[in-house]
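Below is one structure, written out as structure tokens; the observations come after it.
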Protein chains: 2
Amino acid sequence: MTELEKGPKGRRRGRGARERILSASQQLFREQGINRTGMDQLCAAAQVSKRTAYQHFTGKDELVAEYLRGFDPSVLSGVFDRTDLTPRERLLAAFDIPPTTPLCPYIGAAVELHDPEHPASQYAREYKKAVAARLADAAREAGAADPEQLGEQLALLIDGAAARTRVLNADAFPTAAAIAAVLIDNAIPATAGDDRRREEVPS
Amino acid sequence: MTELEKGPKGRRRGRGARERILSASQQLFREQGINRTGMDQLCAAAQVSKRTAYQHFTGKDELVAEYLRGFDPSVLSGVFDRTDLTPRERLLAAFDIPPTTPLCPYIGAAVELHDPEHPASQYAREYKKAVAARLADAAREAGAADPEQLGEQLALLIDGAAARTRVLNADAFPTAAAIAAVLIDNAIPATAGDDRRREEVPS
DNA sequence: CGTTATGTACACCGATCTGTTTGCTTACGG
DNA sequence: CCGTAAGCAAACAGATCGGTGTACATAACG
């Protein structure tokens, strides 16, 4: 926070224009979408001159990609690092994101940009794969028979809840969580109480 | 086809400009997205003058809404009217849409327009609810314990597969179908089908 | 035939978009 | 304390956007 260093080149003179730009991006891109947010408006909200903005980012495309990158720690790490939960609870905790997240920004970016080659689209793909992989890890810890499959399934549920929440304007994550519970119980061979791992496979 | 009638007022003089416009919409909005398709380009593709286009549609917004409306019969009716399938098969048939559908246009429209009050957004919501309702009907026919819940769950799976297919650029419908099979077998009490499941329904 | 709806061609409008330029101010840091 | 880099303000470019205006062509009916 107190450190005002920039990403590229060790320069650290500035007064935090880059941070304000990214912060404004997070707010405006989420509230209005990417395409409907012009650079003029964004710079005004960030209290940054356009000149400065284009010195920090080569263009809007790069800014969008960087904006997506800013979500990583809050979403991905926040859920999976909770050691106070059992693996099964950790899997279900991924569906407890009701208040803050109006729509997964990765899906939004992929749809709005509409170009699979766009840096932001590529990053969104990469991120979604990473989430599925971490879910698979947790599934493996929980003793799932086919962790990769369960991870992919749970990831699909999250995306479905996000998309459906957006279209219907109503929270769909509880439904997704209910499905997840079924899938998890179904995929873990002989779940005694919760997180006990068994090797025996039902005939 | 030989009938060249327009939707509003029984007028039938023209040579089919409206149809060409809608046809071009379906292609371009899907290929490039809504926001990235200008009216100029669209009119050129439809071989229609801009003036004519704005005589048929009051604006792009109305055109987008009408474009969405054009999907109804092909998707919704095509699956549920198949009497040759058992209710269970009919539920699963909803996930067999691999070739033609790159992304659910309703999700795309809702994300791109980014305005829940937009006519097209409202229609998308309405349509998604209708799909869930029809799935619930089929679930009831299949003897599901809680048809509404199962219908909503299957609808979420479809949306999840659509969103994930878009973001990852890889078909996610098989995964969704696998989940659907589990949910269906889990929700149908003890049918003479093939699978027996614990009645461990999530409370 | 002539009337009339339908469609065409094309210039044009104002707004907005991404991105650039010029000239100036401010605030570190040595 | 002074140089230098960071940042600011505002006009500007060029493109594209959605949408109109005007004048002209054509097809379908009576």
Side-chain angles (χ1 to χ4, degrees), chain A residues 2-25 28-29 32-67 109 112-115 118-120, chain B residues 2-25 28-29 32-67 109 112-115 118-120:
Chain A
T2 55
E3 272 291 326
L4 292 177
E5 57 186 3
K6 311 302 174 48
K9 303 195 66 180
R11 310 278 177 88
R12 58 186 201 74
R13 274 284 195 85
R15 222 173 65 269
R18 185 187 176 94
E19 288 181 358
R20 267 176 295 158
I21 296 170
L22 285 173
S23 173
S25 300
L28 293 178
F29 286 163
Q32 314 179 338
I34 295 171
N35 289 329
R36 303 185 107 74
T37 300
M39 290 298 283
D40 276 324
Q41 182 193 6
L42 198 147
C43 290
Q47 287 176 302
V48 155
S49 77
K50 270 176 96 179
R51 184 76 213 273
T52 303
Y54 278 98
Q55 275 166 353
H56 282 286
F57 305 94
T58 65
K60 195 184 184 182
D61 288 348
E62 183 180 315
L63 174 58
V64 172
E66 217 63 35
Y67 144 77
E112 282 206 79
L113 301 176
H114 215 275
D115 173 17
H118 191 291
Chain B
T2 57
E3 275 291 350
L4 291 176
E5 57 187 3
K6 309 302 173 47
K9 306 193 64 181
R11 314 277 177 89
R12 57 184 204 77
R13 279 283 193 81
R15 223 173 64 269
R18 185 187 176 93
E19 288 180 359
R20 266 177 294 156
I21 295 170
L22 285 173
S23 173
S25 300
L28 292 177
F29 286 162
Q32 314 177 337
I34 295 171
N35 289 329
R36 303 184 106 74
T37 300
M39 290 299 283
D40 278 324
Q41 182 192 6
L42 197 146
C43 291
Q47 286 177 303
V48 155
S49 79
K50 253 175 119 184
R51 206 68 182 86
T52 302
Y54 278 98
Q55 277 164 356
H56 282 285
F57 306 93
T58 66
K60 194 183 184 182
D61 289 347
E62 184 180 315
L63 174 58
V64 171
E66 217 62 35
Y67 144 78
E112 281 204 80
L113 301 176
H114 215 276
D115 173 16
H118 190 291

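The chains referred to below are lettered A, B, ... by the order of the sequence lines, with proteins before strands, and numbering in each begins at 1. If you're wondering where the values come from, they're calculated on a predicted model, not measured in any experiment.
Among residues two or more places apart in sequence or in another chain, the ring pair (Phe, Tyr, Trp, His ring centres under 6.0 Å) test is passed with A:Phe57 by none. Contacts of A:Ala45 classified as side chain to side chain contact (heavy atoms under 4.5 Å, CB included), with partners at least two apart in sequence or in another chain: A:Ala24, A:Leu28. Partners of B:Asp40 under the salt bridge (Lys or Arg N to Asp or Glu O under 4.0 Å) rule, at least two apart in sequence or in another chain, are B:Lys50. For B:Lys60, there are no salt bridge (Lys or Arg N to Asp or Glu O under 4.0 Å) partners, not counting sequence neighbours. A:Tyr54 meets the ring pair (Phe, Tyr, Trp, His ring centres under 6.0 Å) test with no other residue; sequence neighbours excluded.
Heavy atoms only, all atoms of each residue included: B:His56 and B:Ala17 are closest at NE2-CB, 4.0 Å.
Phosphate contact (OP1/OP2 of D:dA6, side-chain N/O of A:Arg20, threshold under 4.0 Å): absent. Distances shorter than 4.0 Å separate some side-chain N or O of A:Thr52 from OP1 or OP2 on D:dC8.
Along DNA chain C, the nucleotide closest to A:Thr58 and the one closest to B:Gln47 are compared, and the more 5′ of them pairs with B:Gln47.
Straight-line distance from the CD atom of A:Gln55 to the P atom of C:dT22: 13 Å, rounded to whole Å. If you measure from atom CZ of B:Phe57 to atom C1' of C:dG7, you get 14 Å, rounded to the nearest angstrom. Going from atom CG of B:Leu42 over to atom P of D:dG19 covers 12 Å, rounded to whole Å. The interatomic distance linking A:Leu28 (CG) with C:dT18 (P) rounds to 12 Å, in whole Å. Spacing between atom CG of B:Asn35 and atom C1' of D:dC17 amounts to 11 Å, rounded to whole angstrom units. Straight-line distance from the CZ atom of B:Arg18 to the C1' atom of C:dT8: 19 Å, rounded to whole Å. Following rounding to the nearest Å, A:His56 (NE2) and C:dG19 (P) show an atom-to-atom distance of 16 Å. Atom-to-atom, OH of A:Tyr54 to C1' of D:dA13 comes out at 13 Å; the value is rounded to the nearest Å.
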- request: Could you encode protein contacts along nucleotides 10-15 of chain C as a string, one character per nucleotide from 5' to 3', using B for base contact, S for sugar-phosphate-only contact and - for no contact, with a heavy-atom cut-off of under 4.0 Å?
  value: ------

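With no hydrogens or angles considered, a side-chain donor-acceptor pair links A:Glu62 and A:Thr58 at under 3.5 Å.
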